Protein chains: 2
Amino acid sequence: MKLSAGVEWALHCCVVLSQAAQPVPSARLADLHGVSRTYLAKHLGSLAKAGIIQPSEGRDGGYVLMRAPERITVLDVVRAVDGPEPAFRCTEIRQQGDLAAPPEQCRRPCGISVVMARAEQAWRASLDATTIADLAASFDTSGIRSVLSDR
Amino acid sequence: MKLSAGVEWALHCCVVLSQAAQPVPSARLADLHGVSRTYLAKHLGSLAKAGIIQPSEGRDGGYVLMRAPERITVLDVVRAVDGPEPAFRCTEIRQQGDLAAPPEQCRRPCGISVVMARAEQAWRASLDATTIADLAASFDTSGIRSVLSDR
DNA sequence: GCGTGCATACTCGGATATAAGCTGTCCGAGTAGAGGGGG
DNA sequence: CCCCCTCTACTCGGACAGCTTATATCCGAGTATGCACGC
């Protein structure tokens, strides 16, 4: 199981955007973190499609947070970048092979999928308990603001 | 984020093995679930290397659970098949790019990695709370046993 | 009848192709702002 | 002095390659069982 590296990039970008008073272009966000410009743009597009950030075109355009940092959770960002599909997908192998269970036993979901789904729910709940504002509080926001105001 | 399909196979196999009194060959386990023989063998090898199941060679050989089903957790199987590496790996991008933080601020781990690690810990704890015996209780074990005794 | 040796068939394990998804890149459509010209 | 037009430069968005990883497969080494033979 591997989480996309874009998740880390997107979270850092959201922290930066929470400290910015003006739109920040994707190229500048990439330079701020030293990552690929074009690939970051791809992930930022996902965030925009999810309604987390808002793009503005033209000169002096860029991205702005669409909601207050306190109302954006880490889970929102992870789901936007990594996709909403669960990591574990039951393929119903209990209905295949030599010991295929009869359909009347398969009305309830498979016990294995229940356990995996419960674990993922715990994972999501943990991510949902932290907001971008909480993350920003753990960084040196004054340094971010000073770098942002340089330009 | 996508979890290997082999995890599902391995868990089902462990449930079957918990009901078997004799060694079950990997090919038979594959036929029981209608999955690829050779690929399942690969995952069973991982389980054996992790000390969860024990192989026996030669005729009438196969795999047997190495511990009691109550002492094997779902997390053990997941870690054996999917690997022990965490899904999120911090690449320390806070030290790169134009707003690279000075090293003295990087003694503590990055706040983002802390949040992600905490979520994965919750995920693992949830998986660790269920054992193979619990899973077997949610299946029709009599059906499994009858099919196993057919041969 | 019993012990020994051998042949056999079955088992696991690692080395080898194929497909999918993440990573990274490129170019084009569209737009807000700035500057110059005219009224 | 103010308004309008154009022009430019900059922005985002989707379409296009490269590479790591998961998936699936094949073949060889090793071993417990069963049988036949000799004692």
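Note on naming: letters A, B, ... go to the chains in the order of the sequence lines (proteins, then strands), and numbering restarts at 1 for each one. On a predicted model such as this, the values are computed, not experimentally measured, just so you know.
- Relative to the side chain of A/K49, the nucleotides D/dC12, C/dG14, D/dG14 differ in distance, and D/dG14 lies closest.
- By the 4.5 Å heavy-atom criterion applied to side chains, B/M1 and A/M1 are counted as neighbours.
- Interatomic distance, A/E120 CD to A/S113 OG, rounded to the nearest 0.5 Å: 10.5 Å.
- With rounding to the nearest 0.5 Å, the separation of CD in A/E92 from CD1 in A/I112 is 10.5 Å.
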Contact pattern, 5' to 3', of nucleotides 17-32 of chain D - B, S or - by protein heavy atom under 4.0 Å: -----SBBBB---BBS

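- Looking only at side-chain heavy atoms (C-beta outward), A/P23 and A/Q54 stay at 4.5 Å or farther from each other.
- The CG atom of A/D60 sits 22 Å away from the P atom of C/dG30 (whole-angstrom rounding).
- The CD-C1' distance, from A/E85 to C/dC22, rounds to 14 Å in whole Å.
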Please tabulate, one pair per line, all N/O donor-acceptor pairs under 3.5 Å involving side-chain atoms of residues 129-136 of chain B, not counting sequence neighbours.
{"unit_1": "B/T131", "atom_1": "OG1", "unit_2": "B/A133", "atom_2": "N", "d": "3.4"}
{"unit_1": "B/T131", "atom_1": "OG1", "unit_2": "B/D134", "atom_2": "N", "d": "3.2"}
{"unit_1": "B/T131", "atom_1": "OG1", "unit_2": "B/D134", "atom_2": "OD2", "d": "3.1"}
{"unit_1": "B/D134", "atom_1": "OD2", "unit_2": "B/T131", "atom_2": "N", "d": "3.0"}

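- Between A/Q54 atom CD and D/dG13 atom P the separation is 11 Å, expressed in whole Å.
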Audit row: A/D82, A/S4, side-chain hydrogen bond (donor to acceptor under 3.5 Å, both in side chains) steps and yes/no: CA-CA 6 Å; A/D82 195 60; A/S4 167; 5.1 Å; no

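- When rounded to the nearest whole Å, the span between CG of A/L17 and P of D/dC12 equals 11 Å.
- Separating the CZ atom of A/R89 from the C1' atom of C/dG21 is a distance of 12 Å, rounded to the nearest angstrom.
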